[in-house]
Structure formats: C-alpha cells, structure tokens
Amino acid sequence: MLNNPGVDESFRRVGDDLRSWTPGEAAPVLAVRAACGIAVAMAAVALLDHPGWGQAAIMGAWLGGVALLTPGTRTGPSLPLLVGLAGAVGVALGAIGNPVVLVLAAAAYAFTLTFIGSVTHVAGVTFTVSGIMFFLAEHITTGTTVLLAAAAVLAGGVLQAVMALLPPYFRWAEDRRTLAEAWLALAAEAETLASNPDAPFDTEALHEAARELDRRRVLPAAILEARRQIYAISAAIGRTASARARADAQDRDTVAFYSEALEMAARLLTHFAGRITARRPADLDWDDLLAGLSQNPMATTTGTMPTEIGGLLRTLHDTGGFAERITAGGDAVVADPALAHVSSTARQALGQLRARLHRHDPVIQHALRRAGVIALAMTIGLLWPTGHGYWIPLTAWLVLQADFSGTLTRGTTRAVGTTGGVLLASLLGLLIPEGQLWISLTILAYALIAYLTRPVSMLVFAAAVSGFTVFQIDLTGENPVLAAVDRGACTLAGAALAIGFYVLVPTWQTRRLGDLLGDLVDAYRDYARLVLDRQAHPADYDRKTMHAAIDQVRARRAALTQAADQAKAEPIGGPGPLSADVLGAEAALSRAARALVAVNATLGRDDQGATGLKGVDDFADALDAAYMRLAALARNAAPPRGIDLSDATQRLDRRLGAIEDRATRTRRNVLRWESDNVVDALDDAALLMTGWID
C-alpha cells in the first residue's frame with residue numbers, strides 16, 4: 001500500500017495546499033463590503049444593548065459574507081439569503097436538548113445536506129457553510145429562545161444580501177469569468193493543435209462553462225449568444241487542425257499556414273477572455289493580424305484562404321463581436337420566466353437525486369459516511385470534559401470531503417490553520433483590554449482578514465475563522481492557555497476522526513475507474529455510430545439526438561477525469577487500472593473522437609439532402625464492434641471476439657475511391673484520412689487495455 005505512487009502524490013498535495021497562495025483571486029471590494037455588513041450587525045446589536053439573540057445575528061451576517069466570498073459563486077443576494085435560511089434551520093435542530101435525539105438529528109442533518117448539496121456547486125457551498133450553525137446552536141441560543149436565534153441568523157443573511165446589492169455591483173462578473181475560462185480553454189487547445197494535431201480531445205472546461213451558464217435564469221444577450229457559440233469555435237479549430245494533419249505529408253508551407261492560423265486563434269481567444277474580464281482591455285487590430293497571416297507563402301501563392309481557415313476567422317470575428325458587446329454593456333437582458341425556470345431547475349435536481357438513490361452511488365456513500373462521522377464526532381463532543389467539545393464535530397464537518405485527497409488536504413490545512421488560529425486568539429485575549437468595544441473591533445478585524453483571504457489561502461482563512469469564532473462565542477474567563485490547548489486538541493481530534501473514518505469506510509475512486517472508462521467508451525460508441533450514419537444516410541440526421549450524444553460524452557469524460565485526478569492521490573493499488581493507465585487509454589480514445597469530429601464537420605446543418613456514401617455502414621458496424629470490445633476490456637470483463645479494423649478500413653477506402661461524384665469529394669477525402677486515424681487510436685487503446693484482464 002505504501003509503495004503506491006498515490007502516497008507521494010498525497011503528501012505533495014498536502015504540501016501544495018499548505019503553501020498555496022492565489023492573490024489574483026482576492027476580491028477586496030467584496031471583502032470590505034461583507035465586513036461592513038458585520039459592522040452594521042454589530043452596531044445594531046450594541047444600540048439594542050446586546051440582546052440575547054445578538055450573537056446569532058452577527059453569526060448570520062458572518063455566514064452570509066462567507067457565501068459572498070466563496071470562489072466560483074455569483075455575486076448577488078440569493079446565496080446570502082439561502083445561507084441565512086439554511087443556518088436558521090440548523091439552529092433550530094442543533095438546539096435539541098436530548099443528547100440521543102441530538103446525535104440522531106446530527107446524522108440525519110449531515111446526510112440530508114450532503115445529499116441535496118450534491119446537485120450543484122452553489123447548493124454544496126450553501127449547505128456546507130450554513131451547516132456549522134447546527135454545531136454552534138447551543139452557544140448562540142444562550143440567553144434567548146431558539147426561535148429568536150433562528151430568526152436573527154436569517155436576519156444576518158438578509159443584511160448581507162442587501163450589502164451585495166450596494167454599488168459597485170458587478171452583476172455579471174462571475175458569468176464573464178465563466179465564459180472567459182471557456183475561451184481560454186479553447187485558446188490552449190488551438191495552441192496545442194498548432195504543433196500537434198493528434199493531441200487528445202479536451203472539452204471538460206467547455207462542458208463545465210456551458211453547464212454553469214445554462215443554470216442562469218437571467219443573462220445579457222451577448223453572453224448567452226457567446227455561450228451558444230463556444231462549440232462552434234471548437235468545431236472550427238478542429239476542422240483547421242484536421243486540415244493541418246492532412247497536409248503534414250504534402251507541403252511544409254501548407255502545414256505552417258494552418259499552424260499559424262491556429263496560433264492566431266489562440267492569441268485572439270486569449271485577448272477576448274482578457275477583454276471581458278479586465279478593467280482596461282487592450283485594443284485589437286484585426287488588419288494587423290490578417291496582414292501577418294497573409295504573408296505566408298501558401299497565401300501569397302494561391303491568393304486565397306483555405307475553407308477551414310476562412311471558417312475559423314469568421315467564427316472568431318463573431319466571437320470578437322460578442323466580446324465587444326459584453327465589454328460595452330447595455331446589452332439586452334434575456335430572462336426565462338421565473339416560474340418556468342424554477343420548475344425546470346427543480347425537476348432536473350429531483351431527477352439527479354432520484355438517479356443517485358442506490359447504495360453503490362458515490363454521493364450516497366459519501367452522505368452516509370458523513371452522517372456516520374458527524375454522529376460519532378457529536379457523541380465524542382458531548383462527552384468531552386470541557387465546554388469546547390463542539391469543535392470536534394464542527395471540524396469533522398468542514399474537513400470530510402467526497403474524496404480521499406480532498407479530505408486529507410482539507411483536514412491537514414484545517415487542523416494546522418485552526419490550531420494555530422485558536423492558540424493565537426486565546427493568547428491575544430490576554431493582551432486586548434477588557435471591554436466590548438475592543439472585543440468588537442477584534443472580531444471585525446478577524447472577519448476582514450478571513451474575507452480577504454477566503455479565496456487566497458485556506459490555511460490563513462482557517463486561522464482567521466477560528467479566531468473570529470473564539471472571540472465571538474467562546475471567549476470566557478477561563479485560563480486562556482488551557483483553553484487554547486483544549487480547542488487545539490478538539491480541532492485535531494475532529495480532523496483525525498474525519499480522515500480516519502474515510503480510510504475505514506472509503507469510496508476509493510481507483511476502484512471505479514474501469515467502470516467509468518467503460519461508460520465513456522459506450523458514449524463514444526453512440527457518437528461514432530451517429531457520425532457515420534450521418535455520412536451514410538444524411539436525410540435521417542437528427543440534430544437533437546446528436547447533441548444529446550455529445551453531451552453524454554462530455555459528462556462522462558468529466559466524471560472520468562475528475563475521478564482519475566482524485567485517484568492519483570489514493571494510497572491503494574488494483575485490481576484494475578490505475579489513474580495513469582486510464583488517462584492513457586482515454587487520450588487514445590479522444591484522438592479517435594477528434595477524427596470523428598472532423599468527419600462530422602464535413603456536413604453542415606442544412607445538408608440533409610446530401611448524397612449518402614456507400615460502404616460507410618459496414619465500417620460503422622466494424623467500429624461499433626471495436627468499441628464494444630474496448631468497453632468490456634475497460635470493465636475487466638471477457639471481451640467479445642475481436643474484429644480486424646484495418647481490413648474494414650481498406651474496404652471502406654476502396655468503396656469510397658470507386659465513387660465518381662465531385663460533390664462528395666471533400667467528404668470522402670476527409671473520411672478516408674480520418675478513418676485511418678480512428679483505427680490507429682482505437683488500436684492503441686486496445687493495446688493499453690488488454691493487460692487489465694485478470
């Protein structure tokens with residue numbers, strides 16, 4: 001077990017997480033705004049002579065501010081409101097007096113929030129942040145009723161929602177960033193293909209960006225149209241790369257021409273991404289770019305642009321128009337009807353949750369594991385001899401993640417940061433003059449530091465959060481040194497409990513890689529069949545079916561790559577393929593997919609009246625059988641009898657070469673070229689997978 005490379009990877013990730021600093025992600029305007037929200041809450045509590053529900057109101061404002069500063073979430077009032085509402089429910093449940101019932105409620109609460117939070121990133125953030133109120137309920141309900149404390153937490157969230165609306169209000173900042181990430185991913189793809197046309201197909205960033213933007217009910221028209229165009233950019237880049245690959249054996253100038261076009265596309269997309277996210281975007285000179293491209297010997301000889309480059313330039317020109325409209329602002333805002341959007345989102349969420357309601361699903365396993373951890377941590381916390389036992393379940397709640405790597409890195413960072421933070425805060429309590437004013441200023445300073453470092457360093461954020469919590473709800477008259485040691489011990493116990501429980505009841509991603517790869521092969525098989533059927537029978541083409549198949553491929557690729565990344569840091573071995581094995585096979589499969597994309601691009605949306613190509617059906621059957629064999633190999637099952645793809649390719653080549661039709665010449669040439677690439681890629685995948693069978 002210890003010889004597995006995952007051990008070294010685990011330690012490397014822990015070190016990287018402890019040292020990680022991303023100052024470029026800092027959001028000082030939002031941090032100051034969220035801190036002002038806490039200042040307003042504290043001032044209101046002071047003016048009302050510190051009522052019993054004052055701590056709850058300040059904690060509600062604190063949680064609402066954390067939600068605003070969470071990376072990847074949209075700046076707006078909805079998330080602080082959701083956090084406040086969920087936190088109020090947590091207070092009501094966490095104030096249960098019967099210890100047995102409280103432990104059972106903690107387990108049910110953890111399972112429910114984890115399961116529902118798996119629907120979207122926003123839901124996960126909301127429930128994780130608001131869930132800490134369950135463990136703090138005993139302290140913030142002291143001197144007041146549970147109902148008033150819950151209402152005060154909700155009021156704090158409402159206050160931060162109001163603060164989110166104050167100017168400067170960057171309403172579309174997160175949507176711009178999401179779109180810019182898709183353009184940057186396309187730029188990286190174009191730059192890679194400029195030197196290596198056989199590079200693996202990578203669409204996860206596009207899929208994630210499209211999915212995030214599709215969740216929005218309201219978007220400016222330019223962002224919405226640009227979101228719909230990102231796959232057109234990918235197709236145009238793919239067509240140009242395919243033409244460059246076909247020219248590899250012909251003419252060095254031709255290859256250089258296509259490569260230069262792809263490099264120019266990369267520069268343009270990078271510029272567009274910066275334009276919609278930078279405060280002062282640089283100007284772009286299209287004439288200068290085109291003048292440089294036109295100096296290529298191929299362009300000067302022919303006096304024309306190849307069809308693929310012309311199409312790429314037209315697509316990028318449209319992208320530039322979207323970037324200009326987004327930067328200028330004032331574009332029409334497109335909104336789905338609120339009721340229809342909510343009902344559609346709810347149906348999708350319920351569908352996702354229903355699909356996960358079986359014991360082998362990783363989400364269910366993680367939810368059950370988290371419920372068990374929290375129940376055990378809550379029990380230990382209640383039996384802890386001092387008043388700081390609540391730090392144990394609180395730490396376990398924040399540390400335990402769905403994968404081993406995340407749990408280990410978060411656990412170590414949280415333990416180190418929190419332990420250092422509580423020691424410093426406890427000792428700082430000795431130096432700060434007594435009085436509510438000084439304590440309030442210290443709380444505010446800790447809140448500001450936490451907000452500023454939330455997207456920058458998890459280690460410093462954890463330390464600031466622990467200091468805030470100590471001064472807000474846990475600064476008592478006890479010995480500060482002993483209290484600091486006790487809090488640190490509770491934090492370490494909670495982190496160790498979460499990590500240890502994961503090791504005892506794991507969901508190892510390594511064990512799932514073969515099945516996930518088999519699912520992806522099945523999705524590729526469906527896509528290949530549709531692409532080749534379209535060449536053989538253009539009149540039968542159904543765009544919705546094709547798009548559904550493409551979405552299935554993207555979703556399964558994303559699931560596999562995420563699991564493979566998590567599996568890299570797992571300290572276990574087989575049976576079955578390891579992360580590196582799966583990624584190697586997936587790279588070969590993606591090369592075949594790129595060739596199929598080039599084949600599919602030879603027919604436009606309005607080409608259903610085109611002539612069908614004879615001989616394609618037989619090749620499609622052979623390819624289908626090859627994919628079925630690969631799926632069996634991936635799942636470590638007995639594969640069906642193999643098929644000679646090289647022979648099938650030769651038969652296809654002869655059938656296509658015998659066709660005398662100028663209208664289909666380009667389609668036939670591309671298909672003949674790319675069929676060889678598909679077969680070579682699938683042969684490589686088969687060689688990699690053959691050794692996986694026991």
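Classified by interplanar angle (parallel below 30°, tilted 30° to 60°, perpendicular above 60°), the ring pair Phe111/Phe115 is parallel. Between Tyr109 and Phe134, the ring planes are parallel. Angles under 30° get that label, and only those over 60° would be called perpendicular.
No side-chain heavy atom of Tyr451 sits under 4.5 Å from any side-chain heavy atom of Leu68. The shortest side-chain heavy-atom distance between Phe11 and Pro571 does not fall under the 4.5 Å cut-off. Taking the side chain as every heavy atom from C-beta outward, Val32 and Cys36 approach each other to under 4.5 Å. The shortest side-chain heavy-atom distance between Leu452 and Pro28 falls under the 4.5 Å cut-off. When side chains are defined from C-beta on, Phe404 counts as touching Val503, because their heavy atoms get closer than 4.5 Å. Under the 4.5 Å side-chain criterion, counting only non-hydrogen atoms from C-beta, Thr120 is in contact with Arg215. Counting only heavy atoms from C-beta outward, the side chains of Gln160 and Ile38 approach each other to under 4.5 Å. Contact of the Lys568 side chain with the Gln509 side chain is not registered, since no non-hydrogen atoms from C-beta on lie closer than 4.5 Å.
A donor-acceptor pair under 3.5 Å is absent between the side-chain atoms of Ser130 and the main chain of Val83, judged by distance alone. A donor-acceptor contact shorter than 3.5 Å is absent between the side chain of Thr407 and the backbone of Leu400. One N or O on the side chain of Ser10 and one on the backbone of Ala569 form a donor-acceptor pair closer than 3.5 Å. No donor-acceptor pair under 3.5 Å is formed between the side chain of Ser457 and the backbone N or O of Thr453. Remark: the backbone N or O of Ile392 is not paired with any side-chain donor or acceptor of Thr395 at under 3.5 angstrom. Thr413 contributes no side-chain N or O that, together with a main-chain N or O of Arg410, makes up a donor-acceptor pair within less than 3.5 Å.
Taking both residues in full, the closest heavy atoms of Leu516 and Ala559 are given as CD1-O, 4.1 Å, listed atom of the first, atom of the second, then distance. Contact between Ala137 and Ala95 at its shortest, heavy atoms only, is CB-N, 3.8 Å. Across all their heavy atoms, Gly411 and Ala495 have their closest contact at O-CB, 3.9 Å. Contact record, Gly467 with Ala425: CA-CB, 3.7 Å, taken as the closest heavy-atom pair. Considering all non-hydrogen atoms of both residues, Ala563 and Arg512 come closest at CB-NH1, 4.4 Å. Closest heavy-atom contact between Val119 and Arg356: N-NH1, 3.9 Å.
Salt-bridge formation is detected for the pair Arg12/Asp16: a Lys NZ or Arg NE/NH1/NH2 atom is positioned less than 4.0 Å from an Asp or Glu carboxylate oxygen.
Side-chain atoms of Thr510 and Glu570 include a donor-acceptor pair closer than 3.5 Å.
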(Q) Pair Val456, Ser20 - check side chain to side chain contact (heavy atoms under 4.5 Å, CB included), show working. (A) CA-CA 8 Å; Val456 175; Ser20 65; over 6 Å; no

Q: Evaluate the side chain to side chain contact (heavy atoms under 4.5 Å, CB included) criterion for residues Thr128 and Trp397: first the C-alpha distance (whole Å), next the side-chain angles of each, then the deciding distance (0.1 Å), finally the verdict.
A: CA-CA 8 Å; Thr128 299; Trp397 170 259; 4.2 Å; yes

Q: Given side chain to side chain contact (heavy atoms under 4.5 Å, CB included), test Val153 with Trp53 step by step and report yes or no.
A: CA-CA 9 Å; Val153 170; Trp53 48 263; over 6 Å; no

Q: For side chain to side chain contact (heavy atoms under 4.5 Å, CB included), just list the numbers for Val91 and Thr141, CA-CA rounded to whole Å, side-chain angles, deciding distance to a tenth of an Å, and then say yes or no.
A: CA-CA 8 Å; Val91 169; Thr141 54; 4.0 Å; yes

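Taking CE from Met133 and CG from Leu93, the interatomic distance works out to 12.0 Å, rounded to the nearest 0.5 Å. Here Thr418 contributes atom OG1 and Leu459 contributes atom CG; the two are 9.0 Å apart, rounded to the nearest 0.5 Å. Note that NE2 of His139 and CD of Gln55 are 9.5 Å apart. Values are rounded to the nearest 0.5 Å. A distance of 8.0 Å separates OG in Ser118 from CG in Asp361, rounded to the nearest 0.5 Å. Expressed to the nearest 0.5 Å, how far CD1 of Ile499 lies from CG of Leu504 amounts to 12.0 Å. How far OG1 of Thr277 is from CD of Glu174: 11.5 Å, rounded to the nearest 0.5 Å.
Of the listed residues (Phe461, Trp62, Tyr446), just one forms a ring pair (Phe, Tyr, Trp, His ring centres under 6.0 Å) with Phe468, and that residue is Trp62.
Within the structure, side-chain hydrogen bond (donor to acceptor under 3.5 Å, both in side chains) pairs that include any residue of residues 362-385 comprise Thr114-Arg370, Gln365-Thr507, Arg369-Thr507, Trp384-Thr386, Trp384-Asp486 (at least two apart or interchain).
Here the two rings, on Phe135 and Tyr390, have centers that are 6.0 Å apart or farther.
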